[in-house]
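A short write-up of the structure that comes next.
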Amino acid sequence: MIVLGIESTCDETAASLVRDGRETLSQVISSQVDLHEIFGGVVPELACRRHMEVIIQVIRQAVDEAQCSLEDVDLIAVANGPGLVGPLLIGVNTAKGLALALGKPVVGVNHVEAHLYAAIMSSDEPIAFPVLGMIVSGGHTAIVLVESIGKYQLIGQTVDDALGEAYDKVAKMLGLAYPGGPIIERLAEGGDPHRFPLKAGVCKNNPLNFSFSGLKTAVLYAMKGQDIENPQFQRDLAASFQKAALTDLVQKARKAAKETGCRGVLFGGGVTNNMALRKMFEKEAKELKCYFPTRALSLDNATMIAGLGYHVYQTKGPADLKTLDAVTRIPF
Ligand code: KG4
Ligand code: ZN
């Protein structure tokens with residue numbers, strides 16, 4: 001079964017063709033980073049306009065690169081949430097229009113679940129369920145228990161900022177570009193992680209929840225009276241922030257694994273692209289088998305949408321075109 005995946009939840013317009021939930025035939029991603037960079041974050045109205053301009057072209061390119069035609073597509077899978085409402089509507093309505101015109105079935109796919117599916121797609125070995133799922137992106141930070149594909153239980157989530165958002169805000173406070181995650185990671189490589197004693201928040205109600213807004217404020221206080229353009233200062237602050245954030249992720253994953261008896265962790269979302277994160281888990285959580293997405297699948301893409309869409313179709317069948325809609329927030 002050849003699935004056309006469509007992704008437009010935030011600031012990437014993407015389309016991919018995937019066979020049987022596993023084999024990538026093509027992957028096209030049109031990033032809008034250039035558009036939002038100067039604002040230090042995504043501007044929804046600008047994102048909508050760009051999605052509209054490029055979405056058909058991106059789909060056409062994905063079909064061409066797979067050396068297929070639209071007639072060869074058996075199913076259309078679209079990320080219908082969570083995300084920004086305008087961008088979501090563009091993807092969902094493009095998918096519905098194509099489905100109607102071509103007489104093909106369509107399914108809606110949860111973008112956050114798809115990030116975890118990217119780790120499954122990237123693994124050469126079968127996954128020994130149950131496993132933990134750690135989603136660490138610009139919009140989400142959560143730990144879930146994954147019983148099987150499509151069966152999840154939420155164990156902990158952020159009570160304020162997502163970690164990617166915190167990375168982006170720290171970079172912005174230092175006057176650096178968007179997205180801040182990769183920039184902070186690079187700076188941290190040459191910094192002293194012990195110079196600033198920073199810590200992520202503790203959540204009394206659920207010790208497996210996350211809180212990064214206090215950490216962000218602590219970074220702001222650490223900047224007071226300092227020359228924030230000094231390269232060594234920037235490196236030390238980035239390293240101290242990153243150490244605090246990643247230590248928190250590792251500790252909570254280990255605790256969640258102990259409590260649930262899980263031995264493996266699926267990682268999903270842009271922050272899991274961070275090599276310091278990967279190294280810290282490999283070094284400090286040796287008891288856990290870590291499944292990371294390949295670099296090509298860790299940022300927003302439509303391959304993971306097409307891949308998970310295949311399974312959604314197998315278990316739930318096609319969506320009803322009359323009710324399939326954009327959903328900005330979807331609980332796990
Ligand atoms: O998953 P994603 O592409 O989009 C969302 O669904 O949110 O994640 C984007 C986020 C941004 O906040 C970006 O700064 C962060 O992932 N990110 C990173 C790295 N690469 C991307 N954060 C830390 N280290 C990185 N190398
Ligand atoms: Zn994402």
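Order of appearance sets the numbers: ligands from 1, and atoms from 1 within every ligand.
The closest side-chain heavy-atom distance from Lys151 to Val146 is not below 4.5 Å. By the 4.5 Å heavy-atom criterion applied to side chains, Asp248 and Leu163 are not counted as neighbours. Counting heavy atoms from C-beta outward, Glu12 and Leu299 have side chains that stay 4.5 Å or more apart.
Short contacts between ligand 1 and Asp300, defined as distances under 4.0 Å to a heavy atom of the residue, involve ligand atoms 1 (O), 2 (P), 3 (O), 4 (O), 5 (C), 6 (O). Listed by number with element, the atoms of ligand 1 under 4.0 angstrom from any heavy atom of Gly138 are 5 (C), 7 (O), 8 (O), 9 (C), 10 (C), 12 (O).
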(message) Is there a salt bridge (Lys or Arg N to Asp or Glu O under 4.0 Å) between Arg254 and Glu287? Walk through the geometry before answering.
(response) CA-CA 9 Å; Arg254 295 187 73 192; Glu287 75 279 21; 2.8 Å; yes
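Inspection of the Ser16 and Thr303 side chains reveals an N or O donor paired with an N or O acceptor under 3.5 Å. Side-chain atoms of Glu147 and Gln153 form a donor-acceptor pair, as typed in the model, at a separation below 3.5 Å.
Judged by distance alone, the side chain of Asn274 and the main-chain N or O of Ala276 form a donor-acceptor pair under 3.5 Å. Checked by atom type and distance alone, the side chain of Ser211 never pairs as donor or acceptor with a backbone atom of Cys203 at under 3.5 Å. For the pair His36 (side chain) and Val43 (backbone), a donor-acceptor distance under 3.5 Å is present. In this structure a side-chain-to-backbone donor-acceptor pair under 3.5 Å is missing from His140 to Thr158.
Here the heavy atom of the protein found nearest to atom 15 (C) of ligand 1 is Val271 CG2, 4.0 Å. Here the protein heavy atom with the shortest distance to atom 26 (N) of ligand 1 is Glu185 OE1, 2.7 Å. The shortest contact between atom 1 (O) of ligand 1 and any protein heavy atom is with Gly270 N, 2.9 Å. In this structure, the protein non-hydrogen atom closest to atom 24 (N) of ligand 1 is Asn274 ND2, 3.0 Å. The nearest heavy-atom contact from the protein to atom 22 (N) of ligand 1 is Gly181 CA, 3.3 Å.
Look at Cys10 and you'll find every heavy atom at least 4.0 Å from all atoms of ligand 1.
Only the side chain of His111 comes within 4.0 Å of ligand 1, judged by heavy-atom distances.
Of all non-hydrogen atoms in Val170 and Met223, the two that sit nearest each other are O-CE, 4.4 Å.
For ligand 1, the polar-atom distance check finds no N/O of Gly269 at less than 3.5 Å from any of the ligand's N/O atoms. Considering backbone and side-chain N/O atoms, Tyr167 never comes within less than 3.5 Å of an N/O atom of ligand 1. In terms of polar-atom proximity, defined here as any N/O pair under 3.5 Å, Asn273 makes no such contact with ligand 1. Close N/O approach between His115 and ligand 1 is found [any backbone or side-chain N/O within under 3.5 Å]. Annotation: Gly139 places an N or O atom under 3.5 Å from an N or O atom of ligand 1; distance criterion only. Of the N or O atoms in Asp168, one or more lie within a sub-3.5 Å distance of an N or O in ligand 1. For ligand 1, one of its N or O atoms has an N or O atom of Gly164 under 3.5 Å away.
Taking backbone and side-chain atoms together, Cys10 has no N/O/S atom less than 2.8 Å away from the Zn ion (ligand 2). Among the atoms of His111, an N, O or S atom falls under 2.8 Å from the Zn ion (ligand 2).
For Asp300, the N/O/S atom at the shortest distance from the Zn ion (ligand 2) is named OD1.
The residues Asp72 and Arg19 are annotated as not salt-bridged, no charged nitrogen and carboxylate oxygen being separated by less than 4.0 angstrom.
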